[in-house]
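What follows is a set of notes on a single structure, which appears directly below.
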There are 2 protein chains.
Amino acid sequence: MTKNKREDILEAALILFAERGFDGTTVPMIAEKAKVGAGTIYRYFENKEFLVNSLFQTTVQQFSNTLKQDFPYTTTDIREQFRHVFYRMIEFANNHVHALQFIDSHSNTYNLDDKSNQMFEEFLDFFRQLLEDGKKQGIISPLPSDALISIVYGAFSHLFKIIRLGVIEETPSLLEGVEQSCWNAIRVY
Amino acid sequence: MTKNKREDILEAALILFAERGFDGTTVPMIAEKAKVGAGTIYRYFENKEFLVNSLFQTTVQQFSNTLKQDFPYTTTDIREQFRHVFYRMIEFANNHVHALQFIDSHSNTYNLDDKSNQMFEEFLDFFRQLLEDGKKQGIISPLPSDALISIVYGAFSHLFKIIRLGVIEETPSLLEGVEQSCWNAIRVY
DNA sequence: GTCAATGGAATGAATATTCATTCCGGAACC
DNA sequence: GGTTCCGGAATGAATATTCATTCCATTGAC
């Protein structure tokens, strides 16, 4: 028995929301997986919506922290910064198998409240900053930063979706190749 | 009043499933949007699951047809074939605003039956073929085709997601730039 | 008038949420 | 130390609501 039931509930909810979506997940399902009574969930979260939002916010925060950890702020080498971010994303995807899927399938949905959406925006700002710096240096494509983010993030999340599904195997050389591909997509020639 | 209620139901369902997902959409919601009685839906579809699957299959078929229309099968110029496919995808995204979103959010979910999944696989085969041809010519990156598909398709669908959300504006020069970026991501240097 | 098509109320199953009750750790008392 | 109380945490059965599906009276085409 874990001492922290709140954590148990969040962990169970993360897996279920990631796999089945918000509406496809019932509160009793979460309770069962978390090994708590259904009523217990309401001791920790006002209702199901507060639960997703709380979960979304902490998950985005975790993701954000992972990217920023040891980020080479001092260098002006955009290529190096990009590689850092990309490999941190990989690390996050591997260490929190369901978190990426959860964020992906729930961002910008009608279930989320303003705060959740705002936190996700702030998370994106980190990418925007990196890209803007690169553009100033003439290294990154002059396309809108949000478009470039879509390309890299869209590619990345779709890739991990098929890895999760077992379509392709995650190997160091695959990841290296994909990282280079993504860089090629956004760099200037 | 349209003569074809079946079409009305499918169209209403497409929009709702795209915006709210399968589990977030209720049958009465579909009935209301299609301006038919809830019971009428059951005259055309055995149940809600048959409805999504039927819709998914026709939508994927439409998408597939769009890509193949006027496809330059005779040329060996992979670059030209890629551009064709990419611009057809754009055309489809614009002419069927909710279709892309629907396919994206429902492919590989537990709501779909084997036939739906199989049709989606066959749809992907078209991309696989194109990429394999390019690899033989030494023009396309030797990464697994499914990874390359993820990169291009993931980037594309994410891009249209933010266009839909109004984050960026869809202009010819944006699309041109993104097409080039995606090509840069998968080509060999 | 016949009969298939239709709409939407009715039904029963599932679901989110509530709440009366149980459980448990530790304080207070002997 | 042992025993009794107490307060808050936890529970899951009960309730209220929502949903997919069915049913049937009405409509309208022929």
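Note on naming: letters A, B, ... go to the chains in the order of the sequence lines (proteins, then strands), and numbering restarts at 1 for each one.
- Evaluation of the ring-ring contact (aromatic ring centres under 6.0 Å, His included) rule for B:Y73 yields B:F71 as partners, not counting sequence neighbours.
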**OP:** Decide side chain to side chain donor-acceptor pair (under 3.5 Å) for A:D113 and A:S116; before the verdict, give the C-alpha distance in whole Å, the side-chain angles of both, and the deciding distance to 0.1 Å.
**Re:** CA-CA 5 Å; A:D113 62 23; A:S116 292; 3.2 Å; yes
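- A salt bridge is absent between A:E80 and A:R83; no separation between the charged side-chain nitrogens and carboxylate oxygens falls under 4.0 Å.
- The closest side-chain heavy-atom distance from A:F102 to A:H96 is not below 4.5 Å.
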Could you list the donor-acceptor pairs under 3.5 angstrom formed between side-chain atoms of residues 152-163 of chain B and any protein atom two or more places apart in sequence or on another chain?
{"unit_1": "B:Y153", "atom_1": "OH", "unit_2": "B:D104", "atom_2": "OD1", "d": "2.9"}
{"unit_1": "B:S157", "atom_1": "OG", "unit_2": "B:D104", "atom_2": "OD2", "d": "3.2"}
{"unit_1": "B:S157", "atom_1": "OG", "unit_2": "B:Y153", "atom_2": "O", "d": "3.2"}
{"unit_1": "B:S157", "atom_1": "OG", "unit_2": "B:G154", "atom_2": "O", "d": "3.4"}
{"unit_1": "B:H158", "atom_1": "ND1", "unit_2": "A:S150", "atom_2": "OG", "d": "3.2"}

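- Atom CZ of B:F45 is separated from atom P of C:dT6 by 12 Å (rounded to the nearest Å).
- Scanning for salt bridge (charged side-chain N to carboxylate O under 4.0 Å, His left out) contacts around A:R164 gives an empty result, with sequence neighbours left out.
- Taking 4.5 Å as the limit, every side-chain heavy atom of A:K115 sits out of range of all side-chain heavy atoms of A:N53.
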Any protein N or O atoms within reach of nucleotides 3-5 of chain C? Criterion: under 3.5 Å, listing atom names and distances.
{"unit_1": "C:dA5", "atom_1": "OP2", "unit_2": "B:R43", "atom_2": "NH2", "d": "2.6"}

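- Between B:W183 and B:Q180 there is a side-chain heavy-atom pair separated by less than 4.5 Å.
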Subject >> Per-nucleotide protein contact string for nucleotides 17-22 of chain D, where B marks a base within reach and S marks sugar-phosphate only (heavy atoms under 4.0 Å, - for neither) >> reply: --SSBB
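- For the helix from C:dG1-D:dC30 to C:dC30-D:dG1, the rotation axes defined at the first and last 5 base pairs enclose an angle of 10°, given to the nearest 10°.
- In this structure, B:S107 and B:F56 have side chains that are in contact, with non-hydrogen atoms separated by less than 4.5 Å.
- The side-chain heavy atoms of B:Q81 and B:D77, taken from C-beta on, include no pair separated by under 4.5 Å.
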